[in-house]
Amino acid sequence: METTRRSFLAGLLAASACPTPSWADVGSPAFLSAARQRDGAFALFGLAADGAHLFEIPLPARGHAAAAHPYQPIAVAFARRPGTFAVVIDCSTGHEIKRLLAPAGRHFYGHGVFSGDGALLFTTENDFEQAEGRIGVWDVARGYQRVAEFSSGGVGPHDIKLMPDGQSLVIANGGIETHPDSGRTKLNIPTMQPNLSYVSLEGMVLDQVGHGAARRLASIRHLAVRGDGQVAIGCQWQGSLADEPLVYTHNRGADLTAVPLPQQSVDFGGYIGSIAYAADGQMIAATSPRGNVVLLHDLRTAVSSVVSQADVSGVAAAQDGLVLTTGEGLLLKGTGAGLSTVAAADVQWDNHLVALNT
Amino acid sequence: MLRKVSIALICMAHSAMADQAIVGRFLDEHALPAFDQLDRSAANLAEVSATHCDGQSPELLAAYGQAFDAWVGVSHIRVGPSEEEDRAFALAFWPDTKGFTAKSLNALIKAADPVVYEPEGFASISIAARGFYALEFLLFDAGLQDAETATYRCDLVRAIAHEIHQNAAAIKWGWQGYQDVLRVPSADGPYKDDTEALREVFKALHTGLQFTSDARLGRPLGTFERPRPRRAEAWRSERSARHVQLALVASYELALMLAADEPLITQSLQAAYDRTIELVEQIDDPAFAGVADPSGRFRVEVLRQAVDRIREIVTLELAPALGVTAGFNSLDGD
């Protein structure tokens with residue numbers, strides 16, 4: 001009861017523009033991104049659409065993705081896998097509100113997402129003794145107390161997103177088993193079976209889809225969700241060099257559909273770093289920091305093109321298209337016509353750029 | 001500005017011609033002879049198993065040991081023919097975190113599955129029941145040694161040995177063609193230029209060392225509170241420390257080839273490898289059973305640290321010198 005009332009009140013406060021801090025109070029950042037700074041320290045940045053740094057909050061170790069609360073200026077920055085901490089940050093003060101620690105026998109994978117009402121946080125985790133993916137459930141109103149967990153529907157869950165219905169989650173089960181005793185070494189490549197799982201907020205598996213045998217080594221890792229529920233998927237190839245597709249789209253109930261590649265040969269180095277839809281949902285961008293390229297796929301014309309960009313990885317929807325970041329500190333604007341530099345910073349932008357709907 | 005200048009210098013120091021020479025030596029003096037050796041010793045294993053299939057037979061155990069040694073010597077070269085048709089997976093299904101090998105072998109034996117008499121059929125059963133680690137389990141697991149019937153176990157040994165040889169031979173022959181893919185990069189091939197080919201060779205060194213540290217040593221070490229001696233590689237046949245040693249010797253050879261134009265890095269690598277190989281040779285604990293007690297554990301931990309010191313030199317000194325350093329995100333920021 002208490003939880004419900006409190007989260008209801010919190011929502012009411014935000015909606016009625018009372019002095020509860022909102023994203024507007026921190027300058028209405030358009031994006032969040034983790035970075036390594038010049039001195040080697042790690043931080044989470046709030047960025048304006050023009051790349052201006054609105055805030056900069058230190059992180060204890062290398063970050064990965066972040067989850068933004070839907071209306072409070074709160075971000076959860078996740079350690080890169082196999083990290084065991086996530087930091088809940090009040091972006092209006094720069095203070096750490098809470099440090100989430102993975103329970104014994106679990107570690108985080110670097111991704112998480114809030115429920116639509118902001119009451120719950122879901123985190124992808126590894127139960128490494130059982131080699132099973134888990135989703136941790138944390139109650140925001142109870143000070144981010146861990147209140148439940150359920151199966152991710154596979155091994156090695158990585159990205160997780162809320163579906164537009166607000167009632168279900170989509171999870172990228174990469175299929176790869178790791179154990180902290182052996183670092184980031186992959187332990188089950190010969191038998192790995194990645195899948196994309198849709199689950200209810202209570203953890204009931206609603207739908208699952210995987211690759212056929214020929215594409216079994218395409219670890220499903222990063223996701224973007226469009227307003228109508230279409231999911232774009234970025235994979236990482238776990239074998240030696242191959243030409244199997246790494247970018248897919250999916251609609252529930254259907255098979256995975258490979259996104260066509262342009263005529264000229266494209267080298268992703270087997271690795272897609274991030275994926276996003278442009279704001280109008282008509283373009284998919286998939287970055288490959290190993291291939292130093294961005295794949296742009298126009299869903300209206302079904303035409304794909306490739307743009308070169310060194311160490312490009314972060315990508316997110318922006319008001320007029322896409323924004324991308326690189327490990328060399330660039331923030332770029334992406335349109336069908338190509339990329340153009342918006343800002344350059346003396347930091348190394350990390351794997352993911354998170355768009356905020358503020 | 002300074003950074004740009006130093007990068008330019010490195011690029012100049014390491015020319016395409018030098019890249020090509022390293023790739024050539026990797027093929028001619030490291031990979032191809034080692035795959036030859038694997039093929040020959042696997043052929044011998046198959047041949048010996050035809051007349052000696054009893055798990056106690058010294059002839060069989062010697063042939064098994066030689067062939068397994070040869071596998072460890074190429075286990076870091078995971079590219080091209082080894083990866084086609086799951087050959088390397090079928091030769092070496094380890095780690096086996098879910099006990100698939102035990103399950104698959106027990107199921108075959110229990111059913112006295114006639115698939116062992118059909119070479120083609122056997123080549124398509126679970127990879128967990130094939131290759132060196134399945135053979136090791138069959139020959140050394142206490143529970144399987146008395147499994148009925150001795151005749152069937154014998155036939156299973158022969159089937160596994162035969163299939164090991166088939167895969168070893170297929171990899172060897174595959175390299176006859178694949179070597180040119182690395183030797184002569186082309187714009188529409190998997191390696192566009194000499195640097196990409198060199199990067200693949202570097203990757204063999206880098207991931208091989210990672211596997212030795214993380215899997216061969218990290219798995220048995222577990223944590224101080226929870227050591228895992230039964231997770232050591234090939235502990236039943238007490239080959240765990242030997243595999244670390246063999247992997248280091250192969251890795252050393254490759255590292256020196258890659259560092260050939262860098263005398264200072266060669267020196268640091270020599271010091272680090274010599275020390276590490278000495279440490280592994282001093283370990284009087286072939287199956288790493290001692291990780292469960294503090295003093296035995298300490299020795300294996302020190303060994304792992306020594307391997308990690310080599311990795312540090314390889315990542316921080318050798319990679320930049322070769323011009324194969326990866327970017328912040330491309331170096332698996334995932």
Side-chain angles (χ1 to χ4, degrees), chain A residues 34-36 62-64 80-81 109-110 128-131 158 174 177-191 217 219 221-222 236 239-243 265 267 269 271-274 287-292 310-314 325-329 347-352, chain B residues 77-84 86 88-98 100 126-128 130-131 178 181 187-192 196 199-200 203 207 210-223 225-228 231 304 308 311 326-334:
Chain A
R36 180 161 71 181
R62 184 166 180 184
H64 190 62
R80 173 171 173 252
R81 71 187 169 84
Y109 275 108
F128 46 79
E129 290 307 334
Q130 303 304 318
H158 197 70
E177 178 185 342
T178 56
H179 190 293
D181 289 351
S182 21
R184 290 164 65 88
T185 291
K186 299 152 187 163
L187 302 174
N188 69 330
I189 301 300
T191 56
L217 297 180
S219 177
R221 305 190 75 76
H222 291 115
Q236 294 173 5
S240 62
L241 303 170
D243 290 329
S265 83
D267 184 3
Y271 191 101
I272 298 296
S274 293
T287 59
S288 174
R290 290 210 178 145
N292 300 305
D311 209 27
V312 62
S313 188
T325 52
T326 78
E328 298 178 346
V347 301
Q348 294 175 296
W349 295 120
D350 219 319
N351 216 290
H352 296 296
Chain B
I77 309 173
R78 298 300 299 266
V79 59
S82 324
E83 304 313 292
E84 285 162 24
D86 286 352
F89 292 157
L91 283 175
F93 183 73
W94 188 83
D96 175 16
T97 61
K98 304 237 163 137
F100 286 136
S126 161
I127 49 172
R130 294 187 270 150
Y178 196 79
V181 173
D188 47 358
Y191 310 104
K192 310 263 174 295
E196 289 192 7
R199 181 173 285 125
E200 186 73 84
K203 215 173 88 186
T207 54
Q210 182 188 359
F211 188 76
T212 294
S213 173
D214 281 354
R216 292 190 168 114
L217 295 167
R219 281 186 64 78
L221 276 169
T223 57
E225 293 75 26
R226 201 167 177 190
R228 305 282 195 158
R231 287 186 177 174
R304 190 180 186 190
D308 289 343
R311 293 172 69 194
F328 185 55
N329 289 307
S330 66
L331 188 73
D332 199 9
D334 195 271

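No experiment lies behind these values; they were computed from the predicted model shown.
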A.B. asks: Under 6.0 Å from the ring centre and within 45 degrees of the ring axis: does the NZ or CZ of Arg290(A) meet both conditions for the six-membered ring of Tyr271(A)?
C.D. replies: yes
A.B. asks: Taking side chain as everything from C-beta outward and backbone as N, CA, C, O, which of these in Ile127(B) sits under 4.5 Å from a heavy atom of chain A? Side chain, backbone, both or neither.
C.D. replies: side chain
A.B. asks: If you count heavy-atom pairs under 4.5 Å between each of Asp267(A), Asn292(A), Thr287(A), Thr185(A) and chain B, which one has the most?
C.D. replies: Thr185(A)
A.B. asks: Arg36(A) versus chain B, heavy atoms under 4.5 Å apart: side chain, backbone, both or neither?
C.D. replies: both
A.B. asks: Tell me, side chain or backbone of Ser274(A) under 4.5 Å from chain B's heavy atoms, or both, or neither?
C.D. replies: neither
A.B. asks: If we count only N and O atoms by modelled type, under 3.5 Å, do the side chains of Asp308(B) and Ser213(B) hold a donor and an acceptor together?
C.D. replies: yes
A.B. asks: Give, as side chain, backbone, both or neither, the part of Asn188(A) having an atom under 4.5 angstrom from any heavy atom of chain B.
C.D. replies: neither
A.B. asks: Taking all heavy atoms of Trp94(B) and all of Ala215(B), pick out the closest pair and write down the distance.
C.D. replies: CH2-O, 3.6 Å
A.B. asks: Using heavy-atom distances under 4.5 Å, tell me whether His352(A) contacts chain B through its side chain, its backbone, both, or neither.
C.D. replies: neither
A.B. asks: Picking from Arg78(B), Arg216(B), Glu196(B), Lys98(B), which has the most non-hydrogen pairs under 4.5 angstrom with chain A?
C.D. replies: Lys98(B)
A.B. asks: Identify whether the distance between the nearest side-chain nitrogen and carboxylate oxygen of Arg304(B) and Asp214(B) falls below 4.0 Å.
C.D. replies: yes
A.B. asks: Output, in order, the C-alpha distance, side-chain angles, deciding distance and verdict of salt bridge (Lys or Arg N to Asp or Glu O under 4.0 Å) for Lys192(B) and Glu200(B).
C.D. replies: CA-CA 12 Å; Lys192(B) 310 263 174 295; Glu200(B) 186 73 84; over 6 Å; no
A.B. asks: Between Asn329(B) (side chain) and Trp349(A) (backbone), is there a donor-acceptor pair under 3.5 Å?
C.D. replies: yes
A.B. asks: Which atoms of Glu177(A) are under 4.5 Å from chain B, going by heavy atoms: the side chain, the backbone, both sets, or neither?
C.D. replies: side chain
A.B. asks: Go through the atoms of Arg62(A) and report whether side chain, backbone, both or neither lie under 4.5 Å from a heavy atom of chain B.
C.D. replies: side chain
A.B. asks: Among side-chain atoms of Asp334(B) and His158(A), is any donor-acceptor pair under 3.5 angstrom?
C.D. replies: yes
A.B. asks: For each of Lys186(A), Arg184(A), Gln236(A), His179(A), tally heavy-atom pairs with chain B at distances under 4.5 Å, and name the one with the top tally.
C.D. replies: Arg184(A)
